[in-house]
Asks: 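Before anything else, here's the structure in question.
Positions are given from 1, in the same order as the sequence printed here.
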Amino acid sequence: MIFMIVAVFVWFISSSSLETLSLIPAAIYILAMIIPSLAVTVRRFHDVGKSEWMCLISLIPIIGPIWILILLCTDSDSEENNWGVNPKI
């Protein structure tokens, strides 16, 4: 998610005005999807028993996105965690 923000920012700086006009809908879509995807990621981290600040691990090159993917694919905690009971029980 952080990479999408940086990519959009670099894209706006480096592109000419004609190219920018044609890609504005894509930029609006990317920016509109950042908040919902961040919310789903934080909810998933809470299911696993991790803090929402684990999203910052994605800033670490190469290792960060791989670790985030592993955390998002792991099974939920089987017992109650700090954010509530497991909905699978």
Side-chain angles (χ1 to χ4, degrees):
M1 288 168 274
I2 301 297
F3 295 116
M4 290 190 327
I5 296 171
V6 172
V8 169
F9 180 72
V10 169
W11 169 67
F12 273 125
I13 290 174
S14 66
S15 62
S16 69
S17 62
L18 183 61
E19 291 174 358
T20 305
L21 266 173
S22 65
L23 297 175
I24 287 179
I28 291 171
Y29 176 76
I30 290 172
L31 291 174
M33 290 296 109
I34 287 174
I35 292 175
S37 63
L38 183 62
V40 169
T41 303
V42 167
R43 186 176 296 161
R44 181 66 190 128
F45 282 157
H46 287 175
D47 286 343
V48 178
K50 303 292 183 192
S51 172
E52 61 272 0
W53 293 103
M54 293 292 285
C55 290
L56 295 177
I57 288 180
S58 66
L59 297 175
I60 301 171
I62 300 170
I63 297 170
I66 294 171
W67 183 248
I68 295 292
L69 181 66
I70 291 170
L71 283 176
L72 293 176
C73 292
T74 57
D75 196 19
S76 302
D77 285 343
S78 58
E79 64 273 348
E80 183 175 345
N81 59 23
N82 294 340
W83 295 277
V85 297
N86 185 353
K88 289 185 188 178
I89 298 177

Asks: Between K50 and H46, what is the shortest heavy-atom contact and its length?
Replies: O-CD2, 3.5 Å

Asks: Check I57 against I68 and note the closest heavy-atom contact, atom names and distance.
Replies: CB-CD1, 4.2 Å

Asks: By side-chain contact (heavy atoms from CB on, under 4.5 Å), which residues pair with L69, not counting sequence neighbours?
Replies: C73

Asks: Tell me every residue that passes side-chain contact (heavy atoms from CB on, under 4.5 Å) with I62, counting only those two or more places apart in sequence or in another chain.
Replies: I66

Asks: Does atom CD1 of I63 have more than 12 heavy-atom neighbours, drawn from other residues, nucleotides or ligands, at distances under 6.0 Å?
Replies: no

Asks: Shortest non-hydrogen contact from L71 to M54?
Replies: CD1-CE, 3.5 Å

Asks: Identify the heavy atoms of P65 and S58 that sit nearest to each other, and give their distance.
Replies: CD-O, 4.0 Å

Asks: Are W67 and F45 connected, step by step, through hydrophobic side chains (Ile, Leu, Val, Met, Phe, Trp, Tyr) whose heavy atoms are closer than 4.5 Å?
Replies: yes

